[in-house]
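What you see below is based on every heavy atom in this structure, not just the backbone, and it leaves out hydrogens, waters and symmetry mates. Residue numbers run from 1 in the order of the sequence given.
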Amino acid sequence: MGNASLPGLAGAFLAGLLSFLSPCVLPLIPVYLSFISGESLSQIRDGSSGRFHLFLRSLNFVLGFTVVFVVLAILFGTGARFIGSSLPHTIMRGAGIVVILLGLNMLFDFIPFLRVELKAQAPNNAAGASKAFLFGMLFAAGWSPCIGPILSSILLFAAQSGNVAKAAFLLGAYSLGLGIPFLLTGLFFDKTEPLLRWFKQHAQGVKITAGILIIFFGILMLTAGLTSITTFFIKLGYMLEDYAQTGSPPFSTIAGIIARWLLFQGA
């Protein structure tokens with residue numbers, strides 16, 4: 001599956017998680033939850049109006065930005081497939097350099113225009129299932145200085161394969177990384193609130209981790225290093241498959257399941 005193999009999907013999921021924890025998004029999570037549910041923060045905290053209600057609103061919000069991100073991936077993948085047929089290596093290396101610069105900027109903040117935040121205003125009466133979905137789409141359209149470089153890096157990384165399906169899978173993994181903690185926060189806000197405060201206090205560490213991850217993606221794109229990582233997982237899958245045939249249960253059964261998954265990811 002190329003760029004949509006296990007290392008790429010895991011990296012995209014981690015990038016989504018770091019986007020959720022970024023200092024541009026994390027402090028606003030209670031605001032998002034309050035807006036999409038139509039409830040006050042105290043009602044969300046004590047669960048007085050029903051957690052399932054908030055979960056459905058949160059799910060619509062997550063689906064909204066997932067649709068936008070996947071559509072962007074399809075557009076990038078289609079464009080890269082069209083252009084990449086003539087200049088695949090040049091495009092891949094050029095995109096790798098751009099991604100590395102984005103990662104370095106996350107660490108050192110030397111590109112002024114990336115500090116500009118694009119905001120999409122939601123209507124005042126946006127509470128409700130369908131409008132929570134719309135607000136999720138507006139959230140995706142409002143790339144912040146934190147999310148923008150991360151998302152741009154994943155889009156460029158996904159586009160370099162020139163495969164629309166792989167690009168969509170990668171942005172789907174990114175959306176899961178961003179969406180799952182949002183859903184869990186909505187369900188268990190009273191329990192996650194202290195954890196959110198802890199991450200706010202360590203926002204610089206989150207930013208540094210995101211910068212390093214972006215640089216890692218850029219290096220993989222520049223050197224085509226993902227191929228060797230994928231090869232390692234394929235070899236590991238064959239080794240586990242051999243053990244599944246010769247080993248004793250239950251370990252052979254577990255090895256067989258892992259082997260099939262690794263080989264499917266590397267296909």
Side-chain angles (χ1 to χ4, degrees), residues 2-26 65-66 68-70 72-73 75-77 79-80 84 89-118 139-162 166-182 199-200 202-230:
N3 284 354
S5 62
L6 180 61
L9 290 173
F13 181 87
L14 178 58
L17 178 59
L18 290 171
S19 294
F20 176 85
L21 297 173
S22 70
C24 302
V25 174
L26 190 62
F65 67 66
T66 298
V68 174
F69 291 154
V70 172
L72 283 173
L75 293 175
F76 269 66
H89 297 297
T90 303
I91 290 175
M92 182 175 66
R93 289 170 183 167
I97 292 172
V98 171
V99 170
I100 290 173
L101 287 174
L102 289 172
L104 290 172
N105 184 70
M106 286 287 290
L107 298 177
F108 304 109
D109 193 23
F110 58 87
I111 305 178
F113 75 87
L114 289 179
R115 300 176 196 140
V116 177
E117 183 170 0
L118 301 177
F139 168 81
W143 292 12
S144 72
C146 299
I147 287 186
I150 299 175
L151 181 58
S152 299
S153 302
I154 298 298
L155 284 170
L156 289 171
F157 181 72
Q160 70 161 325
S161 67
K166 293 175 184 177
F169 270 116
L170 280 168
L171 266 295
Y174 173 83
S175 298
L176 280 177
L178 179 58
I180 288 176
F182 188 90
F199 277 110
K200 287 179 189 176
H202 297 81
Q204 187 63 23
V206 173
K207 185 176 180 181
I208 291 172
T209 304
I212 293 172
L213 179 66
I214 292 174
I215 292 171
F216 173 72
F217 273 120
I219 292 173
L220 289 179
M221 294 168 66
L222 197 60
T223 64
L226 188 62
T227 303
S228 61
I229 298 175
T230 303

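- A heavy-atom distance below 4.5 Å is not found between the side chains of L178 and L17.
- In this structure a side-chain-to-backbone donor-acceptor pair under 3.5 Å is missing from S152 to P149.
- Pairing each heavy atom of G211 with each of M106, the nearest pair is CA-CB, 3.7 Å.
- Contact between I212 and L107 at its shortest, heavy atoms only, is N-CD2, 4.5 Å.
- A distance of 10.0 Å separates CG in L102 from CD1 in I215, rounded to the nearest 0.5 Å.
- Here the closest heavy-atom approach between residue I154 and residue A12 is recorded as CD1-CA, 4.1 Å.
- Every residue meeting the ring-ring contact (aromatic ring centres under 6.0 Å, His included) condition with F182, not counting sequence neighbours, appears here in chain and number order: F61.
- V68 is not listed as a side-chain neighbour of F139, based on a closest heavy-atom distance of 4.5 Å or more.
- Here the shortest heavy-atom pairing between S175 and F65 reads O-CE1, 3.9 Å.
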Is there a side-chain contact (heavy atoms from CB on, under 4.5 Å) between L155 and L151? Walk through the geometry before answering.
CA-CA 6 Å; L155 284 170; L151 181 58; 4.2 Å; yes
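- Looking only at side-chain heavy atoms (C-beta outward), V98 and L156 come within less than 4.5 Å of each other.
- Atoms CZ and CD1, from F108 and I208 in turn, are 9.0 Å apart once rounded to the nearest 0.5 Å.
- Here the side chains of I150 and Y174 are in contact, with some heavy-atom distance below 4.5 Å.
- Nearest heavy-atom pair across A167 and A73 is O-CB, 3.3 Å.
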side-chain contact (heavy atoms from CB on, under 4.5 Å) between I180 and F20, intermediate numbers included:
CA-CA 10 Å; I180 288 176; F20 176 85; over 6 Å; no
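- Nearest heavy atom pair, residue L171 against residue F69, reads CG-O, 3.5 Å.
- The side-chain hydrogen bond (donor to acceptor under 3.5 Å, both in side chains) analysis of residues 205-219, with sequence neighbours excluded, yields no pairs.
- Between L9 atom CG and L14 atom CG the span is 12.5 Å, to the nearest 0.5 Å.
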